[in-house]
Amino acid sequence: MSEEQNVYDYRAVERAWQERWERDGVYATRDDDPREKYYVLEMLPYPSGDLHVGHAKNYTLGDALARMMRMRGYNVVHPMGWDAFGLPAENAAIQRKIDPETWTRSNIANMERQIRLMGTGYDWSREFATCDPEYYRWNQWFFLRMFEQGLAYKREAPVNWCPVDQTVLANEQVENGKCWRCGAVVERRNLAQWFFKITDYADRLLAGLDRLEGWPERIKTMQRNWIGRSEGVTFSLDVENVDATIDVFTTRVDTVFGVTFVAVAPEHPAVAKILAKMPKAARRVEEFAASLRTKSELERTQLMEKTGVPTGAYAINPFSRERVPIWVTNYVLAEYGTGAVMGVPAHDERDFEFAQKHGLPIAQVITDLEETLQAPLAEAYVEDGKLIASGEYTGMKSGPARRALASRLEAMGRGKTTINFRFRDWLISRQRYWGTPIPIVSCETCGLVGVPDDQLPVLLPKTAQITGQGSPLANDPAFVNTTCPKCGGPAKRDPDTMDTFVDSSWYFVRYLDPKNDEAPFDKAIASSWMPVDQYIGGAEHAVMHLLYARFFYMFLVDQGYVEGDDEPFTRLFNQGTLIYQGEKMSKSRGNVVGIDQTVENYGVDAMRLFLLKAAPPEDTLDWTDEGIVGRVRFVSRVWRACEPLTAQARAVPLDRLPEMRGETQRALVRALHVALESGKSETETRRLHYNVTTAKLDELINGLTAALREPGAQDDPAVLYVVHALPLVLAPFAPHLADELWSKMGYATSVHLERWLEPDPAALAVDEITLVVQVNGKLRARITAAPGIGEEAAFALALQEPNVTTQIDGKQVRKRIFVPDKLLNIVAA
RNA sequence: GGGCACGUGGCGGAAUCGGUAGACGCGCUGGAUUUAGGUUCCAGUGGGGCGACCCAUCUGAGUUCGAGUCUCAGCGUGCCCACCA
C-alpha cells in the first residue's frame, strides 16, 4: 500500500460512526441498569439558530466526561434539549412575520443537526423543547402548586419595565440599570405582577451554598452577595404631632445617638400622613416625588446627586429624645428594608454627603479606640470603635453597644433584631407572547382562580397578533375571555406569560422521565437519578438560572415530588468563554467560527481535541485557525501509525503488560499508562484538565512513531500492545477515530461500551531516576540512580560530581535535605 | 468605590504536595524526502557567554536549606457587585 492511499478520510469515517451510534443506541441509558448512576448535564441551550465552536467547547467537555465515566463503569445519563421560549423568537416574528414556533422549530432542527454532526453522545430519546405543550403544561401545574402554597402571588409593586421589549424584568435581569437583553435603560413602573416568593428560601439558599464543595468559590460568593443577608435592628421613631411612626432598619444601631435626620423614600406610607398635617411642605414634596417618578432606576441611583426636600415634620430619637427633621430623599429605596433610614452623617458615607449638601448637623458618636479622631470629621468614620456622646452607652465598644441597644429597644417594645435580605422576590410575569401562559383566571366574584389541573395546559393561542405593540395575549379577546372555573361566570384569563427562567428551573428533572403525561416526572425514577453529578455551563448564570433552579428544586423536595438532598447540582463547572480575533466570540460581534465549516475543513475529532487541548476548560480559550492544524496532524499521525497494525494488534492481550525487550519498549508502554493515569485523575479529581491528558497522548504518539522506526517494530509485542490499547485511551476525546481503529481490529461493538484501562503501577515504575543535587538551594548536578536510593548513597554519589565538590570546597556541610527519588540539597557554609 | 480571580518564552499553555521552570502544541530556523509547493520525517528553538557558568515566572520586600507556588506592599488585567441603610 502506498503512503498516499493511507490517508484518514475523516469525513466518511465520522459520518459513518455517527449513523452507527444512532442505529445501535450506544448512548441510550436505562433506568434499571444496576451500575452506579452518574448524571452529566450541560446547560440547556437557547435555539438561536447556529452553533459556533464556543458551544462546541461546552459540549465537548461534557461529552468527554460522560464518555470517560461510562468507560469507568457508571450508568451515565447525558441528555440534551432546548430552552425554546423567549424573546428572540418573538422579535423574529415582529420583524419577519414568521410564527415564533416555526422560527424556533427550524432553529432547533438546525442546531440539533449540528450537535449530531459533532458526534456528541447524547441520549436523544430524552430530548424535548420547553415550548412543547407536554412540557410547559407542567410549568403551569407547578405554578398552581406554588399558588396554593402562597409561594406564587400577585401584587402591585414598583417594577423594572423595559420600554423596548415592552415587558417587566426580574431584578436579576437588570444589568447596570439596563435590560439584559436589549440594553435599553429600564424604567420604574407600578404594576400588578406575579412573583415567586424566593425570599422565603433565603436562609436555605445561603446555607446550602456551604455544602456545595464542588462549586467554584466565586459563584458561591456571587450568590451570597446577591442574596445579601445583613443583620441589624428595626425600630420605630414617633413623628411629632402626626399620628404616624417611621420604622428604620440599621446594621449600626451603635450610632443611634448620632442621628441628625431621618430620610424616607417618596413612596413611604408615612409621607402622605405627614403632608396632610404640613400643607406648606406638601407642594415641594409632591413636586420632588413627581420628578423622581419619571426617572429610571439607573438615573435615580447612579447618575444623580443625593438630594431631597424637608417635610417640615420631626421624628423623635427614642434614646436621646432629640427632634430630628424628616426628609424625603432620592437615595433611600422604597423596596429595601423599611423604605426609611436613620441619618447618621458622622458614620455613614451617604448620610455624610447628604448632610453636607443640605447643611444638616454632623454629630460624631463613635471614635477610634485610640481616640485620635478630631472633630469636625473630613469624611464619615464608618469603622467600629468606641461610643462617645451616647448617654449611658458612652465608652462601650461598637459590638457590645449594638447588643445592649437592641435589647433595650426590645424591652421598650420599639424594635427587634432583624435579618434583612438584599434580593427580592422573583418577578416572573412577562407581557409577551412566546412563553408559558400563567394558568390563572380572574373572576369579579371569585378573584384569582387557578385553572383546574384537568384543563391544563392552557395553550398559547395561535390567534394572537404579535406586533410589538402591547401584550399579544391581552389583545386577544378569544384567549382572554373565558368563564370562571369556580362560579361559571364571565372571567378573564391572566394575559401574561412566565419568565423563561421558570422553564429552565426544573428541566433537568424532566429529562429523567421525559414522556410522562400523568405527572411532571415519576418520583422514584427522578429520585434515583438526582442530583445532577456534574453540571457544566457559563458563569453568566451565577445569579439567575443557578439561583432560581436551586429555589425551585428546594420546593420540589419540600413538596415531596423528589426525594433526597435539596441541592440539585452537586458539582458545577464553569466553562471559560471563547475568544476569536481578540474578542469574545458571539453572533452579535460577528466573529463566530461555525461548526459546519470547521467540521468540514478539519474533522470533528480534530476540533474536539483542539477545544480540549488549547487551554484548561475553565479558562478563556483563544481560537486560532493555525492551532487546530496541530490536532489534524495528530489525528493523521495516529492513523498512519496504528491503521497498518490493526490486524495484528488484537492478538496482544490488554489484561497484562506485554513483553518489553528494552528501554524503548518500557518507555512506550509507560507513556500509555501515563496517559491512562492522567485521564483517570483528571476525571476523578473533577479538575477536568484534559488539556494535560491530550499532551500525554501527544507524547505517546511521539513515542510510538519513534518506536516504529526501529527494525522489527511491526512484530514487537510492546508496540502492538500500545496500538491495541490506543482506541480505548482515545475514545473520550476522539470518539470517531477510536471506534474506527477498534472496529478495524475486528471488534463488533463500539469502543465506547468498553472499560477504560486501569493504569498499572508496574508500567508506571521506572528503573532509574534523576536525582537533583543542590548546594545551598542551587542546582549543581543531576545524578542517575536506582529508585529508592538512600541518603548516604546519594550523598556519596554527589561527592563524585565536580560541580558539587567545587561548591562545597573549603566549607563545612551543615545540613542535608533529602527528598527520596527527587532531590538532595547540601547546605554548606 | 467594594469583592473575587489572575499575571510563566514570539503565542496557547505545563509544573496537582514548597523540590530539575518552560511538558505538549502553534509559530519559527536548519536538514532529509519532493521537479516545485504542500505533506511527512529528523534536529533545534527563554536571554547572555567561546566556555565551565550566569540571568530569568509583573515589580519590590519577607518566610525557607529551597519560592512560579506561601506572606506583605505596589503595579497591571479580567470578572462580578455597586446609594442595600
Side-chain angles (χ1 to χ4, degrees), chain A residues 3-4 7 175-177 216-222 224-226 228-230 232 248-252 255 263 300-302 304-306 329-333 335-344 348-351 353-354 420-424 539-540 542-543 577 579 609-610 613-616 618-631 633-634 636-637 640 678 681-682 685 687 689 691-699 701-702 705-706 709 770-782 802-803 806 814-819 822-829:
Chain A
E3 292 248 276
E4 275 162 33
V7 167
E175 297 173 347
N176 289 323
E217 211 48 56
R218 51 187 273 264
I219 299 293
K220 290 192 279 186
T221 303
M222 280 161 71
R224 285 190 190 104
N225 291 344
W226 185 262
R229 183 182 199 270
S230 54
V248 295
F249 171 73
T250 180
T251 56
R252 289 297 305 274
T255 66
R300 256 179 89 165
T301 58
Q302 285 178 265
M304 277 171 77
E305 273 191 286
K306 286 173 191 45
T329 70
N330 65 343
Y331 76 95
V332 174
L333 308 172
E335 285 287 288
Y336 185 77
T338 61
V341 300
M342 61 178 208
V344 185
D348 181 278
E349 283 170 22
R350 292 152 303 181
D351 297 343
E353 188 189 330
F354 186 80
N420 221 332
F421 294 99
R422 201 190 72 107
F423 81 150
R424 315 292 153 73
E540 67 273 19
V543 288
T577 51
I579 304 284
L609 287 164
F610 179 68
K613 157 119 195 165
E618 67 272 28
D619 285 7
T620 55
L621 184 151
D622 266 293
W623 179 271
T624 61
D625 299 302
E626 298 83 44
I628 193 171
V629 171
R631 297 302 90 195
R633 266 179 228 162
F634 172 83
S636 319
R637 293 182 80 202
R640 279 197 310 275
S678 172
S681 73
E682 292 301 338
T685 62
R687 208 173 74 133
H689 282 198
N691 53 319
V692 178
T693 307
T694 49
K696 304 298 181 200
L697 292 173
D698 277 315
E699 291 186 62
I701 296 307
N702 288 346
T705 307
R709 279 201 302 276
T770 303
L771 195 75
V772 170
V773 182
Q774 296 181 338
V775 178
N776 294 330
K778 272 196 172 298
L779 174 71
R780 294 299 170 186
R782 293 182 174 92
N803 286 342
T806 337
R814 306 264 180 209
K815 197 174 169 185
R816 294 192 310 226
I817 315 286
F818 183 67
V819 184
K822 283 228 155 137
L823 165 139
L824 173 69
N825 186 12
I826 300 163
V827 185

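Below, chains carry the letters A, B, ... as their sequence lines are ordered, and counting in each starts from 1. Remember, predicted model here, so these are calculated numbers, not experimental data.
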Subject >> Validation row: A:Met342, A:Thr255 side chains within 4.5 angstrom (heavy atoms) >> reply: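 They are in contact (side-chain heavy atoms under 4.5 Å apart), so the answer is yes.
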
**OP:** Check if the side chain of A:Lys306 and the base of B:C83 share a donor-acceptor pair of N or O atoms closer than 3.5 Å.
**Re:**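 Checked by distance alone, the answer is yes.
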
**OP:** Decide yes or no, distance alone: a donor-acceptor N/O pair under 3.5 angstrom between the base of B:C65 and the side-chain of A:Asn825.
**Re:** yes

Of the listed nucleotides [options], the one nearest the side chain of [X]:
| X | options | result |
| --- | --- | --- |
| A:Arg218 | B:C79, B:C84, B:G25 | B:C79 |
| A:Thr770 | B:U20, B:C53, B:C42 | B:U20 |
| A:Thr221 | B:C65, B:G3, B:A82 | B:G3 |
| A:Arg633 | B:G27, B:A82, B:A85 | B:G27 |
| A:Asn803 | B:C41, B:C81, B:C53 | B:C53 |

Original post:
Any idea if B:C17 is syn or anti, going by the 90°-from-0 cut?
Top reply: syn

Subject >> B:G51, syn or anti by chi within 90 degrees of zero >> reply: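 For B:G51, whose glycosidic angle is more than 90° from 0, the conformation is anti.
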
Subject >> Nearest-angstrom distance, C1' atom, B:G25 to B:C4 >> reply: 31 Å

Original post:
Using the C1' atom in both, what is the distance from B:U16 to B:U33, to the nearest Å?
Top reply: 43 Å

Original post:
Regarding A:Asn225 and A:Arg422, is there a side-chain donor-to-acceptor distance under 3.5 Å anywhere?
Top reply: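 No, because no side-chain N or O of A:Asn225 sits under 3.5 Å from a partner of the opposite role on A:Arg422.
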
Original post:
How far apart are the closest heavy atoms of A:Thr693 and A:Ser678, and which atoms are they?
Top reply: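 Looking at all heavy atoms of both residues, the shortest contact is OG1-OG, 2.7 Å.
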
Original post:
B:C4 pairs with which nucleotide, Watson-Crick or G-U wobble, both distances below 3.5 Å?
Top reply: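 Paired with B:C4, as far as the under-3.5 Å criterion goes, is B:G78.
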
Original post:
Is B:G44 paired to anything, Watson-Crick or G-U wobble with both distances less than 3.5 Å, and if yes, which nucleotide?
Top reply: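 Checking every strand shown, B:G44 finds its partner in B:C28, with both distances under 3.5 Å.
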
Original post:
Does a salt bridge link A:Glu353 with A:Arg350, judged by any charged N lying under 4.0 Å from a carboxylate O?
Top reply: no

